[in-house]
Amino acid sequence: MKLTVVGCSGSFPSADSACSSYLVEADGFRLLLDMGNGALGELQRHCGLYDLDAIFLSHLHADHCIDMCGYFVARYYRHDGGRCAPIPVYGPEGTEQRLTTAYADTPSASSMSEVFDFHTVKPGWHEIGPFTVRTEKVCHPVEAYGIRVEHDGRSLTYSGDTGACAVLDELAADSDLFLCEAAFTHGKENIPDLHLNGREAGASAARAGARRLVLTHIPPWTDPEVNLADARAVYAGPAELAAPGRVYEI
Ligand SMILES: [Zn+2]
Ligand SMILES: [Zn+2]
């Protein structure tokens with residue numbers, strides 16, 4: 001499996017990074033996890049506009065899904081005429097309506113579904129292309145999912161947005177790479193069921209026995225080095241910060 005960080009800024013884009021978006025590839029299949037603000041532009045550095053095979057939206061906060069509106073334009077009004085065939089889009093209940101509302105004037109209420117084949121995510125196991133995928137509901141103010149992607153005996157877990165919760169540890173158990181949000185700073189922000197801080201991300205990785213930790217979703221106003229040091233204080237394995245364009249072979 002190959003993971004490419006398309007964007008990793010939390011809550012809003014930074015000067016250096018788009019919001020959450022991660023490209024996972026195996027056997028020629030491209031699965032995109034989230035498409036936050038600015039991600040559609042960055043994505044084109046890593047693959048063609050029409051090269052995606054499936055999209056998974058962890059939740060419907062704008063920093064995880066809003067560039068789907070631009071992607072609708074690219075697929076619906078193709079410059080070479082024609083219209084793209086629908087690709088699978090996995091998301092929480094109400095994804096199609098949320099994106100249609102955000103777009104504001106789709107030709108009809110069902111236009112999105114002409115280019116996106118929406119699947120409602122529930123906790124459980126799914127087959128997406130060559131990947132075996134497990135989704136679990138995590139702790140966030142809106143319906144939000146963590147996702148574990150497995151292929152050929154290797155595993156990647158992406159936390160999505162979440163506060164500390166036991167199900168996240170379980171989802172990430174023995175993962176080869178744990179891509180975990182750390183939006184808050186330990187000792188500074190403490191709002192339950194919203195985001196993790198660096199220390200909580202590290203503790204979750206330690207409990208899960210994850211082999212590698214990559215911290216992501218750190219907002220521009222937060223010092224990432226502080227969150228990384230907090231994670232390393234409680235997690236003994238290799239830990240680093242996500243960065244746009246970084247590639248991991250898993
Ligand atoms: Zn977010
Ligand atoms: Zn969120």
Side-chain angles (χ1 to χ4, degrees), residues 3-24 32-43 55-71 89-99 101-102 120-123 135-148 156-165 167-168 171-172 178-186 188-201 204 213-224 227-228 231 241-244 246:
L3 165 68
T4 303
V5 178
V6 177
C8 57
S9 188
S11 302
F12 57 96
S14 72
D16 302 314
S17 180
C19 283
S20 290
S21 192
Y22 312 95
L23 182 62
V24 185
L32 191 72
L33 309 180
D34 285 343
M35 200 190 280
N37 326 37
L40 185 58
E42 286 297 311
L43 178 67
I55 298 168
F56 172 89
L57 302 175
S58 65
H59 65 299
L60 299 177
H61 278 154
D63 58 323
H64 297 257
C65 73
I66 206 65
D67 270 22
M68 288 291 287
C69 291
Y71 198 42
V89 174
Y90 299 81
E93 187 83 50
T95 295
E96 179 176 5
Q97 194 187 356
R98 167 80 168 89
L99 295 176
T101 301
T120 301
V121 172
K122 296 282 175 215
T135 50
E136 292 294 344
K137 215 177 263 190
V138 290
C139 294
H140 203 52
V142 297
E143 184 181 347
Y145 289 89
I147 181 170
R148 179 185 177 103
L156 155 72
T157 299
Y158 168 47
S159 64
D161 281 7
T162 184
C165 56
V167 76
L168 182 65
L171 196 63
F178 184 19
L179 180 63
C180 187
E181 77 119 291
F184 284 166
T185 299
H186 174 62
K188 204 168 158 194
E189 295 138 313
N190 184 21
I191 306 166
D193 301 335
L194 184 56
H195 290 298
L196 299 168
N197 59 44
R199 193 180 180 90
E200 290 169 325
S204 179
L213 173 64
V214 178
L215 297 181
T216 192
H217 198 282
I218 299 177
W221 53 41
T222 295
D223 183 345
N227 287 12
L228 180 59
L241 297 167
R246 192 154 293 170

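As a basis for the values below, the full set of heavy atoms in this structure was taken, side chains included, without hydrogen atoms, waters or symmetry mates. As the structure lists them, so they are numbered: ligands from 1, and atoms in each ligand from 1.
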Applying side-chain contact (heavy atoms from CB on, under 4.5 Å) to Leu33 and Val24, what does each step give before you reach the verdict? CA-CA 7 Å; Leu33 309 180; Val24 185; 3.9 Å; yes

CA sep, side-chain torsions, deciding dist, call: Lys122, Lys137, side-chain contact (heavy atoms from CB on, under 4.5 Å): CA-CA 8 Å; Lys122 296 282 175 215; Lys137 215 177 263 190; over 6 Å; no

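Within the 2.8 Å limit, His64 places no N, O or S atom next to the Zn ion (ligand 2). Here His217 meets the criterion, with an N, O or S atom under 2.8 Å of the Zn ion (ligand 1). Within the coordination shell of the Zn ion (ligand 2), defined by N, O or S atoms under 2.8 Å, Asp63 is absent. Under 2.8 Å from the Zn ion (ligand 1) lies no N/O/S atom of Glu181, from backbone or side chain alike. Residue His195: no N/O/S atom is found under 2.8 Å from the Zn ion (ligand 2).
The side-chain heavy atoms of His59 and Cys65, taken from C-beta on, include no pair separated by under 4.5 Å. Between Asp67 and Leu43 the shortest side-chain heavy-atom distance does not fall below 4.5 Å. Residues Pro224 and Leu215 are not in side-chain contact: their nearest non-hydrogen atoms beyond the backbone lie 4.5 Å or more apart.
Its N, O or S atom nearest to the Zn ion (ligand 1) is what matters here, and for Asp161 that atom is OD2. Considering just the N/O/S atoms of His61, the one nearest the Zn ion (ligand 2) carries the name ND1.
Residues Tyr22 and Thr216 bring a donor and an acceptor atom of their side chains to less than 3.5 Å of each other.
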